[in-house]
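We number each residue from 1, following the sequence as shown.
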Amino acid sequence: RMTSFTSSLRPVYNYLSEHGVLYGGLAQQGEKMAEFLDAFWGAIRDECPVVFDEGDDYVIQKTAGIFSLHSILRDLLFEMHKESLRWTRENFRREFETMPSIVTPSFWGRDGEAAKYGSMKGFRQLADLLRAERDDANS
C-alpha cells in the first residue's frame, strides 16, 4: 500500500518540483506536499464522506483511486495555478463541480465504474474518464 501511494504521487511531486513549489530539504518538501494532499483529499471527504467512513466498500482509497486521482490532482494544480487560484480545500471543492464522479459514491463502489480499472493502463484510463467529464463540463 505505501509503495502504491508514494508511486502515485510522482506526477504531483514532479509538477511541484518543476515549478519551484517544493524547495529546501526533504522535511520541508514533505510538509508542503502534505499541505496540498490534505486540501485535496479533505475536499473529497467533505463532499463524499461515506467513501471514507465505509472505505472497504469503495475503491477510492485503493490503488485505482489514488493513481487516477493523483493524476487529476496534478492537472488541477496546473489549471488552478493558471487561474491564480490557491490550492485550498474550498477551491478543490469548487473544481469538483466539473467532475461530479469524483464525489459520487456509486462511482467508487466495489461494483461501480472505477472498480473496473485494475491495472496501470486502467488507472490512466480512469483518469482520462474524469478529464473527459471535466472537459465536457467546461465546453
Side-chain angles (χ1 to χ4, degrees):
R1 288 180 166 235
M2 183 58 77
T3 302
S4 290
F5 188 80
T6 55
S7 295
S8 74
L9 289 174
R10 180 66 52 200
V12 175
Y13 178 82
N14 288 344
Y15 173 80
L16 294 172
S17 292
E18 290 167 9
H19 291 86
V21 177
L22 298 180
Y23 48 84
L26 287 176
Q28 275 184 298
Q29 291 180 11
E31 287 175 19
K32 204 65 166 162
M33 285 277 295
E35 178 184 325
F36 301 131
L37 288 169
D38 182 58
F40 178 73
W41 284 99
I44 295 172
R45 185 179 181 97
D46 290 346
E47 296 295 315
C48 195
V50 68
V51 300
F52 295 89
D53 296 341
E54 299 171 21
D56 289 342
D57 296 332
Y58 300 92
V59 300
I60 196 166
Q61 294 181 80
K62 294 178 177 44
T63 308
I66 61 171
F67 270 92
S68 60
L69 288 174
H70 287 160
S71 180
I72 294 298
L73 173 57
R74 186 256 176 244
D75 296 350
L76 291 177
L77 294 172
F78 175 76
E79 292 297 323
M80 292 167 72
H81 179 75
K82 273 188 356 187
E83 298 170 17
S84 299
L85 292 173
R86 294 186 57 217
W87 299 324
T88 64
R89 197 174 190 145
E90 294 76 26
N91 285 338
F92 283 122
R93 287 173 66 189
R94 279 194 278 284
E95 293 296 318
F96 297 155
E97 292 173 8
T98 63
M99 294 177 285
S101 293
I102 287 178
V103 293
T104 302
S106 60
F107 183 82
W108 297 105
R110 278 190 278 186
D111 296 323
E113 184 66 26
K116 297 175 185 175
Y117 300 90
S119 66
M120 290 306 289
K121 179 181 178 183
F123 307 152
R124 285 189 296 275
Q125 291 172 331
L126 179 54
D128 288 343
L129 180 72
L130 294 168
R131 286 183 186 99
E133 186 175 62
R134 181 179 172 89
D135 291 345
D136 289 347
N138 288 328
S139 47

Side-chain (Ser7) to main-chain (Ser4) donor-acceptor, under 3.5 angstrom: no

What heavy-atom pair brings Val103 and Cys48 nearest, and what distance separates the two atoms? O-SG, 3.5 Å

Distance in Å, Ile72 CD1 paired with Phe96 CZ, rounded so as to fall on 0.5 Å steps: 10.0 Å

So CG of Asn14 and CG of Leu9: to nearest 0.5 Å the spacing works out to 10.5 Å

Would you check, one step at a time, whether the test salt bridge (Lys or Arg N to Asp or Glu O under 4.0 Å) holds for Glu79 with Lys82? CA-CA 5 Å; Glu79 292 297 323; Lys82 273 188 356 187; 3.6 Å; yes

Do Leu73 and Trp41 have side chains that get closer than 4.5 Å, going by heavy atoms? no

With a 6.0 Å cut-off (strictly less than), is the heavy-atom count around NE2 of His81, excluding the residue itself, greater than 12? no

For Arg74 and Pro11, indicate whether the former's side chain and the latter's backbone hold a donor-acceptor pair under 3.5 Å. no

Under the side chain to side chain donor-acceptor pair (under 3.5 Å) test, residues paired with Glu133 that sit two or more places apart: Ser101

Give me the ring orientation class for Phe123 and Phe67: parallel if the planes are under 30° apart, tilted from 30 to 60°, perpendicular past 60°. parallel

Expected output: side-chain Lys32 to main-chain Gln28 donor-acceptor under 3.5 Å: no

Take atom CG of Asp111 as the centre, draw a 6.0 Å sphere, and report whether it contains more than 12 heavy atoms from other residues, nucleotides or ligands. no

Return the orientation label for the Trp87 and Tyr15 ring planes: parallel under 30°, perpendicular over 60°, tilted otherwise. perpendicular

Side chain to side chain contact (heavy atoms under 4.5 Å, CB included) partners for Glu113, two or more places apart: Phe107, Lys116, Tyr117, Leu129

